[in-house]
Amino acid sequence: MSLTERLDKIRSPKLQNQREVGQGPTPRPFQPPTDRKQTSVVLSAVEDTLRDQKYGSTPTAYFAALLALLSQSVSPSNGIINKELATSVVYLLDIIAPHVPPPLLRSKFSQILTSLAPVLTHSEIEAPLIRSSVGCLESLLVAQDNAAWALPQTQVSPRRAIAGLLVLASDHRPKVRKRAQDAVISVLKKPPPSPSLDHPAADMCAETALRSVNDMAASGKKKGKGHRQEEHQPALVHALQLVKTIASASGGWPSKKIEPLCEVLMNISRSNNEYLTMSAFEVFEVIFAGMADEISSAKLPKLMGAISELRPSQNDSQLLPPWIAVMSRGYDVLAQVSPEETFQKLPELFETISGFLASSSHNIRISASECLISFSAKCVPDTAIIEPSIYDEKVLEKLAKAATALLSVKYQSAWMEVFTVLSALFSTFRWRSIGLLDDIVKTVGELRGKDSFNGKREADVVLGNAIEAMGPDSVLRILPLNLVKPKAGQPGRAWLFPILRDHIQNTNLMHFKSEFVPLSKTMFQRVIDNGSSEKTMEIKIFETLVQQIWALLPGYCNLPLDLSLAFDQSFAEMLADLLYKQTELRVDVCKSLQMLVESNQDIVNIKASEQEILLKQRTSKVDAQKNLDHLSSFAGNLLAVLFNVYSQMLPQYRGHILQCINAYLSITREKELLETFQRVTTMLEAALAESSPQTQADKQKQKETQPSADKMPPTSHNLMDLIITLSIHLPRPTFPTLFSLAALVLPQSSDPQLQKKAYKLLPRIATSSTGSIALQDRNSELQSLLLATASTVSSPARRDRLAAIAVVVEHLPQTSLHFIPSILSEVVISAKEVNEKARTAAFDLIVLMASKMSQGGQINQSQIPHMAADAPIAQASLEEFFTMVSAGLVGSTPHMVSASITALTRILYEFASQLPHAVIEDLVQTMDIFLTSTNREIVRSVLGFVKVAIISLPEDIVKPKLDTLVPGLMSWSREHKAQFRAKVKHILERAIRRFGFGTIEKHCPEDDKKFINNIRKTKERRKRHKVADNAEAATTEEPTKRKNRFESEYDEALYGSESSSDSGHRSGEEQGADSNSRGRGRTYITEDADEPLDLLDRKSLANISSRKPMATKQPPAKQRKNRTDLNNKLVFNDDGDANDDDDPMALDFNGPDVNDEMTLEGGINAYVDAIRGRDAVQRGRGGRLKFSNKREKSNGNGDSMDVDDDDGGGGRAAKKVNGGGKGRKEVRFADVRGGNDQGARKEGARKGGVSGRGDLRGRGGSDGSKMQRRGLGGPKVRGGRVMKGNGRR
């Protein structure tokens, strides 16, 4: 922005709210409104003075006037005299100073610095004034020369000024600190002319920043000894930011200060505060980035030497990982500056870092492995791989030897990290791995073959990279498959097949012919020998091996190195034989044939240097073109085979065949291509002549006899597919025949699928440059053809017909625009198609037509059907197109009117900014009339138009129409069918959002005010909920990005809404949508506490849910059975852990234990259980036998107890037992050992329930009568009671 524009912003009241932005990286400070007004007044006064004194409005004149005002507002002795005036003057000086000549700034340096000193040194000055003063100081310092910078800091010199800037660069106020740091960067990046690389003040700035970092780090350690103050050290972070600022500005850190800086940064990086560690790393990153250029790269070796000398101890888990990371980044930059020298040092570095892999700390091992991977990827130059010298080969040998040593027992604990390093090494060495890394392949392969080895996945990655680098022949030479004739002691390695399949590329195809083709024949012969007998497991394994062998062929065909030698006539015949006979191998064979062509075409068309191509693919563009020429000699015969196979397959399995045909058509010679096209055309014409139109009864009968999935399509369909595939490869003279074929097929409405394929021909032709030219030349013929076939188009072919019309419109000349109104009615009515893709194609075509009309041209209306022969010629324009579409509004059917409104809505949304306001107003007024229609189909389209108008049209057009639009909308708010109420509510919400609630309420009828108020309350409620949800999400989880549900902005504007209706005013379908939307975006993972969830495992989907997982209920612990004596009284022991089996009174009424011994007590217990247990036979009324059918609960008795304390029972406790019947019985428990009844009551309540249902009678107390009652369903007591020992009866 120029000086004039900045001053205009200050003068103009309309522009005063805009933020001032300076040139370059330092923005001008933002002024509050009061300061802007004061600045405008000061600027006006200065300009009036300059005008009165007849000085020009030059930067020098402004500068002189402002210096005079500065001396009046700020005094070196008295400080700030007038703060408001000083703020405005310094702000204007900040703007003017960059445009003042440097000699004038140097001459006024002392005066300005002395005047600004009170502002810069005062601690209570506001930030805006300080930022403007920093800007003035920046302009002054940039203008200084070497002589001024040579003055000492004790004098009024630039060094004193930049010292003040350094103090402000660590200020606690963020904006002041940022402005000062930007000023330091600007000054250091613009040094005065001198032979030195650094700015004269760079050493001073570095020393000051380094001292500040040292002081802050030391003070932080002192505070951290007593309490944890290390986590909050903003001053240290600010000091590190200043160091980073200086390092990024002065072409890297000054050479003399590198060693102390590295020492300080390494000490800081071992802090527990991750932010401090990250800040220290950022400083290293900035330093390395500043040394990447040729000028500053001389400092880099010294820096790396200083970092190497700071090597921590072997097991320092805090400092060692950051040190390794810094080493990795440093040598990465060094490899960019001097690749050869870095490559020579690489073996020594590799051995140094690899020693840390033996550490017991996992973090150290990870850091070391990542560093070694970085060395392998960044420090090995391409020339050492493509054309290595003798010395380079020795370095590669040393690296290979060091890598092989990583597989020793010493590094066994780090083998998973070692495998990642070896994988990177294979990727770097490429084909140079052959012979150098053979031992690694052998060792890893042997480990992978052991069943007890746990790192099979990592080993597969290493072997996969080895296959890519060395080739499958070298890997299989080291690790043979051993499948045909396995030797003793050598296991079979069928597990190599999946690894080979995924990683074979750019290798020798001859190896497949010599190694795997014989193996496949041997395996397949064993399958054939089995004959029609039942397949055993061994035969199924042989079949699987055959499929796995041929699954390798696409990898071998991915840019093979010996294609011209390996792909001969015999190999082509073998592949053709497989296509005919082995249906399960067709996919792999077709992919292989297709890969042969496409991989070489990619090399021919790639935009890269020859060196890069040779490094990655080992094939030049010349070799790739020779390979294509070689394949073209086989193209004719292969196409014949592919055509035959294509005609024999069902449509759902043809995709790969068609892609393979397309690939070979692209390399077929023109003569063979013409012969093929002529042959297919002749066959298609004959097939069309033979085919007779089927009646509906014939179609129904054929559908019943043969399912559609297993039905082979007619020959004409197959040939038409081949014609479409051939079309883009054909030369120009064949296009008349193509168009005549289309004219022959399109009128046949009896075969919709064939008609659909014919319509696909035009879009296919348009994809080639030759076809585009032909479409332009024969555009008039295609127009007539499409107009003539409009009445015969079938519904399935509608979308493809619209695509064909779009191609014709796209290539339409400016003089043939009459085709657009001729076909427009069909396109508009297609916007109401049931098929979504057809509707989308219709909308796109309408937009394309409007765009074509907006480009101008002539419309010969006499050539439009049903128009007079003397109709005038109209000029094409966007307004004319809107008029054409609007003609459908007077259609005879509501369907046509609705389609026209929908089409107008679409093009209005697209071209609203290009239409005159008068046209838009007429449209809105017309739709206002249709809003009063009684036809729901029409009104549904009008609602879409109103919504688009409210969203996208200018406010001055829509707002005056609200007095009629709002009442019209409200008249449909009471209609619940077809979701009219919900749509109206959405529209009103968007209107309220744009025009305000008061405006909409003013135009709303009195009877519908309640509906408007409901919308307002819903919006306020939703806003409160959103605030609450955001507050909750901020504490629980990160917010997820909203996924767009619509494919285009138009669909979102038409159908989208952020509203959520109340439950009382919305349909069930809308409620379901809202409930789904509330749950969308929140996904929960349920994982085991012992092992994290593996998201790469397919079974992990079972642990991912949209519902929040609840705590799993633990199954209740097995309850101990209640112990009772023979009187059915509960027995409690003082010792809760006593063994129940030792107590002869512990009778189990729930059934005998199988482990119980057959004792006298056990027999008695069994007898008592039989006559009095829960399953005992009872007699009811009339002496009838009754059997219990109650289910046993978890506590074994099915009774629940309520404790009821009774003070009249002589200290005994009464309990109410809810039995299975309707009655109740109250049971009094007594301690058989004469203990405390109160304790027994509590213990019984804790253990839960009574086991047994005997008629227990109490012994005294006021409740004796109650104790003798037996509840309904209680069994009678028969017989005596058996006790052991001295028990009472």
Can you sort out the partners of [X] under side chain to side chain donor-acceptor pair (under 3.5 Å), two or more places apart, ordered by chain and number?
X: D800; result: none
X: K1019; result: none
X: K832; result: S898

Can you find a pair of side-chain heavy atoms, one from [X] and one from [Y], that are under 4.5 Å apart?
X: V919; Y: P916; answer: yes
X: I765; Y: L761; answer: yes
X: F819; Y: N779; answer: no
X: S830; Y: L802; answer: yes
X: V808; Y: L775; answer: no
X: L817; Y: F881; answer: no
X: M896; Y: V828; answer: yes
X: K1002; Y: D963; answer: no

Applying side chain to side chain donor-acceptor pair (under 3.5 Å) as the test, list every pair that has at least one member in [range]; sequence neighbours left out.
range: residues 809-821; result: H818-Q863
range: residues 864-876; result: none
range: residues 926-938; result: H895-E937, D928-T964, R936-E975

Between [X] and [Y], what is the shortest heavy-atom contact and its length?
X: V807; Y: A766; answer: CG1-CB, 3.8 Å
X: F911; Y: S851; answer: CZ-N, 3.8 Å
X: L786; Y: A804; answer: CD1-O, 4.4 Å
X: R994; Y: I951; answer: NH1-O, 3.6 Å
X: S791; Y: A788; answer: OG-O, 4.2 Å
X: F980; Y: W972; answer: CB-O, 3.9 Å

Output the distance between atom [atom1] ([X]) and atom [atom2] ([Y]), rounded to the nearest 0.5 Å.
X: L988; Y: I992; atom1: CG; atom2: CD1; result: 6.0 Å
X: H1003; Y: K961; atom1: NE2; atom2: NZ; result: 12.5 Å
X: I950; Y: R990; atom1: CD1; atom2: CZ; result: 9.5 Å
X: N1030; Y: H1025; atom1: CG; atom2: NE2; result: 12.5 Å
X: I724; Y: L738; atom1: CD1; atom2: CG; result: 10.0 Å
X: K985; Y: L969; atom1: NZ; atom2: CG; result: 14.5 Å

Okay, side chain of [X], backbone of [Y]: is any donor-acceptor separation there less than 3.5 Å?
X: T789; Y: T792; value: no
X: N1014; Y: K1010; value: no
X: Q861; Y: P872; value: yes
X: S952; Y: A949; value: no
X: S973; Y: M970; value: yes
X: Q755; Y: S794; value: yes

### Message
Before you tell me yes or no, could you show the steps for F997 and I1015 under side chain to side chain contact (heavy atoms under 4.5 Å, CB included), namely the whole-Å CA-CA distance, both residues' side-chain angles and the distance that decides it to 0.1 Å?
### Response
CA-CA 10 Å; F997 178 78; I1015 294 176; over 6 Å; no
### Task
Given side chain to side chain contact (heavy atoms under 4.5 Å, CB included), test R906 with V948 step by step and report yes or no.
CA-CA 9 Å; R906 180 68 181 91; V948 170; over 6 Å; no
#### Entry: side chain to side chain contact (heavy atoms under 4.5 Å, CB included) between F735 and T770, intermediate numbers included
CA-CA 10 Å; F735 281 91; T770 307; 3.8 Å; yes
### Query
In terms of side-chain geometry, is the basic nitrogen of K1009 or E1006 positioned less than 4.0 Å from the acidic oxygen of its partner?
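Salt bridge flag = yes for E1006 with K1009.
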### Message
Quick test of your reading: applying salt bridge (charged side-chain N to carboxylate O under 4.0 Å, His left out), list the pairs with at least one residue in residues 838-857, sequence neighbours left out, ordered by first then second residue.
### Response
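For residues 838-857, and leaving out neighbouring residues, there are no salt bridge (charged side-chain N to carboxylate O under 4.0 Å, His left out) pairs at all.
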#### Entry: Listed once per pair and sorted, the salt bridge (charged side-chain N to carboxylate O under 4.0 Å, His left out) pairs that draw on residues 773-783, sequence neighbours left out
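Non-adjacent pairs meeting salt bridge (charged side-chain N to carboxylate O under 4.0 Å, His left out): R732-D777, R778-E781.
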### Task
Applying side chain to side chain contact (heavy atoms under 4.5 Å, CB included), name anything that partners K837, two or more places apart in sequence or on another chain.
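Only R799, N835 meet the side chain to side chain contact (heavy atoms under 4.5 Å, CB included) criterion with K837.
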### Task
Output all residues satisfying side chain to side chain contact (heavy atoms under 4.5 Å, CB included) with S877, sequence neighbours left out; order by chain, then residue number.
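Expected list: E879, E880.
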### Task
Quick one: do L812 and Q783 satisfy side chain to side chain contact (heavy atoms under 4.5 Å, CB included)? Show the steps, please.
CA-CA 9 Å; L812 205 63; Q783 295 175 29; 3.1 Å; yes
### Qualifying residue for side-chain contact (heavy atoms from CB on, under 4.5 Å) with T905, from I907, I901, L908
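Going through I907, I901, L908 one by one, the side-chain contact (heavy atoms from CB on, under 4.5 Å) with T905 is satisfied by I901 alone.
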### Query
Under the criterion side-chain contact (heavy atoms from CB on, under 4.5 Å), which of I859, L848, V809 is the partner of M853?
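Testing each of I859, L848, V809 against M853, the sole residue satisfying side-chain contact (heavy atoms from CB on, under 4.5 Å) is I859.
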### Message
The criterion is salt bridge (charged side-chain N to carboxylate O under 4.0 Å, His left out); which residues satisfy it with E833, sequence neighbours excluded?
### Response
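Listed in chain order: R798.
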### Query
ring pair (Phe, Tyr, Trp, His ring centres under 6.0 Å) with F930: which residues, sequence neighbours excluded?
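In terms of ring pair (Phe, Tyr, Trp, His ring centres under 6.0 Å), with neighbours along the sequence ignored, F930 is linked to no residue.
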### Query
Within 45 degrees of the axis of the six-membered ring of Y759 and under 6.0 Å from its centre: does R801 put its NZ or CZ there?
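Because its charged atom misses either the 6.0 Å distance or the 45° angle limit, R801 does not stack over Y759.
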